Amino acid sequence: MTKVSELTGLRVLIHKKTKTAKDGTVTDKYLKLGKVHNAVFSPDGKRVVGLTVKRPDAVGMIKREDAFLALDAYRRMDEKTLLVTRPDDGMDVAAQRRLALDWDACLIWSGMDAKTVGGKSLGYVSDAEFDEKDGRVARFLTTDGGVAHALIGSFVITPDMVRG
């Protein structure tokens, strides 16, 4: 199982080209897309469908929108880097169309308030564990602050407990 917090902050690269030198050595060139910012969940909230990638500012000062990267459109290069494997239909609108996603109905759980059906506060969603192959969420982790998380830990919510 993978946690959203394990992916947050990882570099995301796109393969640009492969160069072969005269001596036969092969060099790959990559473009930096950005860093993983958040996980995007399906409208029912029980499956991760992709990641948002915070792109670097243009010319160091013009903010750019986050890119959407589908869950099936990347692989891990190493422990700190993800590589886009489907640049044509695995990103942004093309990926949303291919996955038949209603983008406006998708969720980002991180930081959302968690409450019981009766209205009692459980804190906020701090993390989620999911299967990286199909995106199914195993459990959500909630906490009500950094000190409480360090002393007590997280309160676990399973997907079957989610009501909305």
Side-chain angles (χ1 to χ4, degrees), residues 1-15 30-58 62-77 79-146 149 154-164:
M1 289 289 163
T2 302
K3 285 186 176 181
V4 171
S5 61
E6 293 171 358
L7 296 175
T8 304
L10 295 182
R11 290 184 318 159
V12 180
L13 303 177
I14 298 176
H15 187 263
Y30 300 99
L31 289 174
K32 181 179 179 183
L33 180 63
K35 291 188 175 189
V36 176
H37 186 232
N38 245 322
V40 178
F41 294 82
S42 61
D44 68 358
K46 298 178 183 182
R47 191 170 60 87
V48 175
V49 293
L51 306 169
T52 58
V53 179
K54 179 157 178 48
R55 299 181 330 168
D57 296 343
I62 300 170
K63 297 276 183 209
R64 299 193 312 178
E65 286 187 24
D66 287 356
F68 172 70
L69 178 62
L71 191 65
D72 62 352
Y74 71 86
R75 71 172 171 80
R76 290 181 186 241
M77 282 182 71
E79 61 188 38
K80 295 182 180 181
T81 310
L82 301 178
L83 177 66
V84 176
T85 57
R86 298 176 74 156
D88 297 330
D89 67 349
M91 295 175 49
D92 295 323
V93 176
Q96 294 166 18
R97 213 174 292 127
R98 180 176 58 86
L99 298 172
L101 286 177
D102 178 4
W103 184 247
D104 293 328
C106 288
L107 301 167
I108 295 178
W109 281 118
S110 298
M112 266 213 190
D113 291 335
K115 296 181 180 181
T116 64
V117 175
K120 181 183 174 196
S121 178
L122 300 172
Y124 64 91
V125 178
S126 61
D127 211 345
E129 287 183 0
F130 67 97
D131 184 350
E132 209 164 357
K133 290 179 183 142
D134 65 2
R136 292 187 197 278
V137 175
R139 60 189 190 156
F140 295 98
L141 305 171
T142 64
T143 186
D144 53 347
H149 179 68
S154 297
F155 182 79
V156 175
I157 298 174
T158 57
D160 62 323
M161 298 166 79
V162 174
R163 296 291 177 254

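Values in this document were obtained by computation on a predicted structure and should not be read as measured data. Just so it is clear, the values below take in all heavy atoms, side chains as well, and ignore hydrogens, waters and symmetry mates.
- Evaluation of the side-chain contact (heavy atoms from CB on, under 4.5 Å) rule for D127 yields K3, V4, S5, L141 as partners, not counting sequence neighbours.
- Closest non-hydrogen pair, V137 versus P159, comes out as O-CG, 3.0 Å.
- Using a 30° and 60° split on the angle between ring planes, F140 and F41 fall in the tilted class, from 30° to 60°.
- Residue D92 holds its CG atom at 8.5 Å from CD of E65, rounded to the nearest 0.5 Å.
- Summarising the geometry, atom CE belonging to M112 is positioned 5.5 Å from atom CG belonging to L107; distances are rounded to the nearest 0.5 Å.
- Proximity of I14 to Y30: side-chain heavy atoms (C-beta onward) are nowhere separated by under 4.5 Å.
- By the salt bridge (charged side-chain N to carboxylate O under 4.0 Å, His left out) test, K133 is found to be paired with no residue, residues two or more places apart in sequence or in another chain being considered.
- For D57, the salt bridge (charged side-chain N to carboxylate O under 4.0 Å, His left out) partners are K63, not counting sequence neighbours.
- Residues satisfying the side-chain hydrogen bond (donor to acceptor under 3.5 Å, both in side chains) test with T81, not counting sequence neighbours, are R11, D78.
- With a 6.0 Å radius and a threshold of 12 heavy atoms from other residues, nucleotides or ligands, R76 has its CZ atom above the threshold.
- Residues V84 and H15 have side chains not in contact (no heavy-atom distance under 4.5 Å, counting atoms from C-beta outward).
- Partners of P43 according to the side-chain contact (heavy atoms from CB on, under 4.5 Å) rule, which considers only residues two or more places apart in sequence or in another chain, are A105, C106.
- Scanning both residues, A95 and A70, for their nearest heavy atoms gives CB-CB, 4.0 Å.
- Here CD1 of I157 is found 8.5 Å from CH2 of W109. Values are rounded to the nearest 0.5 Å.
- Here OG1 of T142 is found 5.5 Å from CG of L122. Values are rounded to the nearest 0.5 Å.
- Each of V36, V40, L69 was evaluated against T52; a single residue qualifies, V40, per the side chain to side chain contact (heavy atoms under 4.5 Å, CB included) test.
- Taking the side-chain hydrogen bond (donor to acceptor under 3.5 Å, both in side chains) definition, one finds that D131 meets it with nothing, sequence neighbours left out.
- When every heavy atom of L33 is checked against every heavy atom of M91, the shortest pair comes out as CD2-CE, 3.7 Å.
- Residue pairs meeting the salt bridge (Lys or Arg N to Asp or Glu O under 4.0 Å) criterion with at least one partner in residues 113-124, sequence neighbours excluded, are absent.
- Evaluation of the side-chain hydrogen bond (donor to acceptor under 3.5 Å, both in side chains) rule for T2 yields E132 as partners, not counting sequence neighbours.
- The shortest side-chain heavy-atom distance between P56 and K35 does not fall under the 4.5 Å cut-off.
- Using a 4.5 Å cut-off on side-chain heavy atoms (C-beta onward), Y74 and L51 make contact.
- Remark: F130 engages no residue in a ring-ring contact (aromatic ring centres under 6.0 Å, His included) (not counting sequence neighbours).
- R139 pairs by the side-chain hydrogen bond (donor to acceptor under 3.5 Å, both in side chains) definition with E129, not counting sequence neighbours.
- Residues in residues 44-53 take part in no salt bridge (Lys or Arg N to Asp or Glu O under 4.0 Å) pair, two or more places apart or across chains.
- Here salt bridge (Lys or Arg N to Asp or Glu O under 4.0 Å) pairs that include residues 96-108, with residues two or more places apart or in two chains, are D72-R98, D89-R98.
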